[in-house]
Each structure stands twice: as structure tokens, then as C-alpha cells.
S.K.: 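Below are the C-alpha cells for one structure; questions will follow.
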Amino acid sequence: MANGGDHPTVPPRLRGNPTANPPPPRRRFTPPRRRVDLTEENQSLLNSFRSSAALTPQETATCTQSLFRLMTSSDASQFRELVVRLGDGNDLRRMVSLLTSNNAPFLQTARNENGSNRMQDLLGRTDDLDNFFLIAILRRFFDVMCDGDSSRVALRGMRVFSQEKRAAMYDHLLCDAVNLACDADGYVVLNEIIDDSDPRSFYGGRLLYVVARNAHQLSDHAFGSRVVQRVLQLNDLRCTRDVAVSLRGHCVYLSLTKYGSYVVEMLLDTEEEAVMVADELLWGCNGEKLALLARNEFGSFVVLKALRVTREMYRRDLFGVLVDKLMPFVHHLGGFHGRVRAFLYSL
């Protein structure tokens with residue numbers, strides 16, 4: 001045990017000598033990489049990629065099948081070992097060339113969870129490899145984007161590719177945005193891209209504008225409506241305004257539909273757009289038509305929200321006229337839960 005002012009943690013040779021050099025730090029031991037023995041099939045595949053001789057059609061077919069099994073196998077160690085042995089030069093280039101040269105095997109591999117993960121591992125290594133993947137993705141862009149696993153390959157590419165390659169992918173995305181929005185799987189991928197988009201960036205702003213410009217046809221679609229709603233959820237004034245401009249003259253009809261009513265309700269959350277919607281309800285409907293809208297299963301939500309919003313905005317010119325048009329028909333507003341009638345009776 002140390003006595004008095006002793007400092008047991010300081011070596012005796014350093015006591016009283018603050019300028020003495022401390023002992024060198026211990027070197028961290030890094031174990032050597034564990035080498036994995038390739039299967040006979042994968043060893044043959046490795047030899048084919050290392051060979052400078054051109055493959056015959058039969059050899060190409062055999063290698064394509066072996067490569068598919070390697071990429072989609074549940075054992076990732078064989079893939080990692082083969083990539084390490086190939087290096088980042090021409091041998092790996094031959095492998096990626098074969099992987100991406102044929103549409104059907106490429107798409108089949110990309111749509112497999114393991115295949116998708118391993119393709120993503122190959123992205124961003126070299127510009128040459130990225131070129132192969134870019135060409136393969138663009139050849140079947142819509143099909144790639146409409147699958148959960150293969151779309152992750154494309155999304156990874158959009159993050160790690162060079163600016164020129166990302167621009168090429170965005171050009172295809174802009175052309176296919178409306179069709180993707182109407183696809184059961186494509187809209188999910190498109191919403192993910194929208195979440196990552198900056199409205200102030202060149203391509204992010206263009207994508208959001210394409211969706212907003214087509215909002216009148218997307219809002220009444222089961223999947224397209226969700227894309228328009230996602231754009232509105234960004235709470236960007238320009239995007240919201242662009243959606244409102246596209247929907248001008250369509251709000252009454254959309255309020256009568258399940259998916260369209262969701263979009264119209266979201267527009268009512270913004271003051272300027274709420275005025276536009278309320279104006280359409282007032283001047284696009286006489287009292288009887290407005291009452292029919294208030295009795296509709298979906299329109300009742302829109303009318304009720306319009307009443308609440310205009311009252312909270314102290315827009316008596318809008319709120320008062322809405323009430324005046326509805327009151328003569330208040331006894332006929334039982335409809336769907338009678339929510340509008342209950343509100344009018346509470347005034």
C-alpha cells in the first residue's frame with residue numbers, strides 16, 4: 001500500500017521528471033484475414049474471370065448460372081472471398097460485366113434479397129463498375145424501381161454514383177414518376193426518394209414539381225394520392241402551392257372520393273390553400289349540392305374541416321356563407337354520422 005504522497009500509478013523513473021518520455025503505446029494486434037476455401041464451382045468461376053481468353057457461349061451460360069447462385073446464396077463468405085481474390089482490377093470488372101450484361105439474370109439477382117445486398121456492396125468501388133450497373137439499371141429502370149429489393153440497388157446507386165450518373169438516373173425518374181406513383185410497389189420507392197429530396201436542389205425540386213403538376217390525376221388514385229400527400233407533408237410552401245394550382249377546379253369532385261378527399265383535407269391545413277378550397281366549395285356548389293357533399297361519406301370530412309378552418313381563421317366572409325348555404329338543408333344532413341349537422345347545431 002502506498003504511503004503519504006506516494007503515487008503508485010507513476011513509475012519511479014518518471015517521478016519528479018515531468019519531461020521524461022512515457023512508454024510507447026502498445027500496438028493493437030490485427031489478426032490475419034481468415035482465408036475461405038472456395039467451392040469447386042466458385043473456384044472455376046474465379047478461374048474464368050482471371051482468364052484473358054473470351055468465354056464461349058456455353059461457358060458464358062455456365063458462368064452466369066454459377067454467378068447467380070453465388071450472389072443469391074445464404075452464405076456470404078464465398079462471395080466476399082471471391083471478390084477479395086479478384087481485387088479491384090480487370091478480373092472484378094469481368095465479373096460485374098457478366099453480372100449486368102443480360103437483363104433477365106440481372107433483374108432476377110437484384111430482386112433477391114441476398115443478391116441485392118451483394119450488388120450494393122459492389123457499388124461505388126470504381127467508376128468502371130458503376131458504369132456497368134448504371135447501364136443495367138437504366139435498361140429496366142421501371143422494373144427495377146417497382147421491386148423492394150432491386151430498388152435498393154438503384155437507391156444506393158443514386159447516393160454513391162458520380163454526379164453525372166446520378167443526373168442520368170434522375171432523368172429517368174422524372175419520366176417515370178407518374179407511373180411509379182400509381183404502382184403498388186413503385187409509390188413506396190418514390191415516397192422514399194421524396195423524403196430524401198431537397199426542394200431547393202435542382203433535381204429534388206423538379207421531381208416535386210412533376211408530382212405537383214400531376215396532382216389532379218394522382219389524387220384520386222389509391223397509390224398516387226399517397227405520393228401527393230407525402231409532398232404536402234414536406235410543408236414546403238412552393239410545393240403546396242403547386243399542388244393547389246393543379247387541383248384548382250377539381251376540389252369538389254375529389255372531395256367525393258376516398259383518396260381525393262385526403263388530399264383536399266390536407267390543403268385545408270394551409271391558410272392560403274384553405275381559402276382556395278373554401279372558395280371552390282362556395283362558388284362551385286349551390287346550397288343543395290353543398291348539402292349533398294356534406295352528406296357524402298368522404299365529402300362530409302372536407303365540409304366539416306372547411307367550416308372549422310374558416311371559423312378559426314375568422315374569415316366571416318367564407319364561414320358565414322358556408323353556414324348560410326347549409327342551414328336550409330340542416331335537417332337533411334343526417335347522412336354519414338351527421339357530423340356536419342351536429343357542428344351547425346352547436347353554433
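Computed from heavy atoms alone, side chains included, the values below leave out hydrogens, waters and symmetry copies.
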S.K.: Do R311 and R316 make a side-chain contact, defined as non-hydrogen atoms from C-beta onward lying under 4.5 Å apart?
M.R.: no
S.K.: How long is the straight-line distance from CD of E41 back to CG of L67, given to the nearest 0.5 Å?
M.R.: 10.0 Å
S.K.: Taking all heavy atoms of N102 and all of P105, pick out the closest pair and write down the distance.
M.R.: OD1-CD, 2.7 Å
S.K.: Is the shortest heavy-atom distance from the side chain of Y187 to the side chain of H221 under 4.5 Å?
M.R.: no
S.K.: Does any non-hydrogen side-chain atom of F319 lie less than 4.5 Å from one of V309?
M.R.: no
S.K.: Side chain to side chain contact (heavy atoms under 4.5 Å, CB included) between L218 and C182: does it pass, once the steps are laid out?
M.R.: CA-CA 7 Å; L218 293 175; C182 296; 3.6 Å; yes
S.K.: Would you find a donor on one side and an acceptor on the other, under 3.5 Å apart, between the side chain of S246 and the backbone of H216?
M.R.: yes
S.K.: Indicate the atoms forming the closest heavy-atom contact of E273 with A244, along with that distance.
M.R.: CG-CB, 3.3 Å
S.K.: Look at atom CD of E59 and say whether more than 12 heavy atoms of other residues, nucleotides or ligands are closer to it than 6.0 Å.
M.R.: yes
S.K.: Examine distances only and state if a side-chain atom of S51 and a backbone atom of N47 form a donor-acceptor pair shorter than 3.5 Å.
M.R.: no
S.K.: If you define the side chain from C-beta out and look only at heavy atoms, does anything of V96 sit under 4.5 Å from M119?
M.R.: no
S.K.: So, does D236 use its side chain to make a donor-acceptor pair with the main chain of C239 at under 3.5 Å?
M.R.: yes
S.K.: Evaluate R200 against D198 for salt bridge (charged side-chain N to carboxylate O under 4.0 Å, His left out), listing each step before the verdict.
M.R.: CA-CA 5 Å; R200 296 165 296 180; D198 181 357; 3.2 Å; yes
S.K.: Test side chain to side chain contact (heavy atoms under 4.5 Å, CB included) on D279 and M276; report intermediate values, then the result.
M.R.: CA-CA 5 Å; D279 275 338; M276 184 203 79; 5.7 Å; no
S.K.: About how many Å separate CG of L70 and SG of C63, when rounded to the nearest 0.5 Å?
M.R.: 11.5 Å
S.K.: Grouping I, L, V, M, F, W and Y whenever their side-chain heavy atoms are under 4.5 Å apart, do L234 and L190 come out in a common cluster?
M.R.: yes
S.K.: What is the distance from atom CZ of R166 to atom CG of D130, rounded to the nearest 0.5 Å?
M.R.: 11.0 Å
S.K.: Could you check whether N42 and R69, counting side-chain N and O atoms only, form a donor-acceptor pair closer than 3.5 Å?
M.R.: no
S.K.: Just by modelled atom types, is the S197 backbone N or O under 3.5 Å from a matching donor or acceptor in the S201 side chain?
M.R.: no
S.K.: Are any of the side-chain nitrogens in R85 or D91 under 4.0 Å away from the carboxylate oxygens of its partner?
M.R.: no
S.K.: If you round to the nearest 0.5 Å, how far is CE of M145 from CG of L173?
M.R.: 5.5 Å
S.K.: Okay, side chain of K305, backbone of L268: is any donor-acceptor separation there less than 3.5 Å?
M.R.: no
S.K.: Between S151 and G148 (side chain of the first, backbone of the second, donor and acceptor by atom type, cut-off under 3.5 Å), is there such a pair?
M.R.: yes
S.K.: Looking only at the side chains, is there a donor atom on one of R139 and N103 sitting less than 3.5 Å from an acceptor on the other?
M.R.: yes
S.K.: Within a 6.0 Å radius of atom CZ on R50, are there more than 12 heavy atoms belonging to other residues, nucleotides or ligands?
M.R.: yes
S.K.: Using every non-hydrogen atom in the two residues, find where T310 and L318 come nearest and quote the distance to one decimal.
M.R.: CG2-CB, 3.9 Å
S.K.: Check whether Q78 reaches the backbone of D37 with its side chain - one donor and one acceptor, N or O, closer than 3.5 Å.
M.R.: yes
S.K.: Using the six-membered ring of F301, assess whether NZ or CZ of R339 lies under 6.0 Å from its centre and within 45 degrees of the ring axis.
M.R.: yes
S.K.: With side chains defined as the heavy atoms from C-beta onward, is the minimum distance between D147 and D185 less than 4.5 Å?
M.R.: no
S.K.: Salt-bridged, R118 to D121, with N to O below 4.0 Å?
M.R.: no
S.K.: Salt-bridged, R213 to D242, with N to O below 4.0 Å?
M.R.: no
S.K.: For the backbone of C251 and the side chain of E280, can you confirm whether one donor and one acceptor N or O come within less than 3.5 Å of each other?
M.R.: yes
S.K.: Please check if the side chain of K325 supplies one atom and the backbone of C285 the other of a donor-acceptor pair under 3.5 Å.
M.R.: yes
S.K.: Answer with yes or no whether the hydrophobic clustering places Y209 together with L267; edges join I, L, V, M, F, W, Y residues whose side-chain heavy atoms lie under 4.5 Å apart.
M.R.: no
S.K.: Does a side-chain heavy-atom distance below 4.5 Å link Y345 with R341?
M.R.: yes
S.K.: Show the nearest heavy-atom pair for residues F141 and M169, with the distance to one decimal.
M.R.: CZ-O, 3.9 Å
S.K.: I'd like to know if L107 and V189 are part of one continuous hydrophobic network [Ile/Leu/Val/Met/Phe/Trp/Tyr, side-chain heavy atoms within less than 4.5 Å].
M.R.: yes
S.K.: Would one find more than 12 heavy atoms of other residues, nucleotides or ligands at under 6.0 Å from atom CG of L237?
M.R.: no
S.K.: One thing to verify: whether R230 and D195 come together as a salt bridge, which I'm taking to mean a side-chain N less than 4.0 angstrom from a carboxylate O.
M.R.: yes
S.K.: Given the rule in the side chain to side chain contact (heavy atoms under 4.5 Å, CB included) test, do V340 and L307 qualify, once you have shown the distances and angles that lead to the verdict?
M.R.: CA-CA 9 Å; V340 176; L307 286 166; 4.1 Å; yes
S.K.: Take a 6.0 Å sphere around CZ of F68 and say whether it holds more than 12 heavy atoms from other residues, nucleotides or ligands.
M.R.: yes
S.K.: Please evaluate residues L290 and F329 with respect to the criterion side chain to side chain contact (heavy atoms under 4.5 Å, CB included), reporting the C-alpha separation (whole Å), side-chain torsions for both, the decisive distance (0.1 Å), and the verdict.
M.R.: CA-CA 9 Å; L290 187 61; F329 304 94; over 6 Å; no
S.K.: Hydrophobic cluster membership, with links at side-chain heavy-atom distances under 4.5 Å among I/L/V/M/F/W/Y: are V144 and F142 in one?
M.R.: yes
S.K.: Side chains of R308 and F343: does their closest heavy-atom pair fall under 4.5 Å?
M.R.: yes
S.K.: Do L86 and F49 touch side chain to side chain, with heavy atoms closer than 4.5 Å?
M.R.: yes
S.K.: Indicate yes or no: does R159 engage D196 in a salt bridge with an N to O separation below 4.0 Å.
M.R.: yes
S.K.: Going by atom types alone, do S116 and Q120 pair a side-chain donor with an acceptor below 3.5 Å?
M.R.: yes
S.K.: Please report the closest heavy-atom contact between S255 and V302, naming both atoms and the distance.
M.R.: OG-CG1, 3.5 Å
S.K.: How many angstroms lie between atom OG of S225 and atom OH of Y259, to the nearest 0.5 angstrom?
M.R.: 8.5 Å
S.K.: Rounded to the nearest 0.5 Å, what separates atom CG in L326 from atom CD in E288?
M.R.: 12.5 Å
S.K.: Return yes if some donor-acceptor pair links the side-chain N/O of S261 with the main-chain N/O of L256 below 3.5 Å, else return no.
M.R.: no
S.K.: Side chains of T72 and N114: is there a donor and an acceptor less than 3.5 Å apart?
M.R.: no
S.K.: Looking only at non-hydrogen atoms, find the nearest pair between D75 and S77 and report the distance.
M.R.: OD1-OG, 2.6 Å
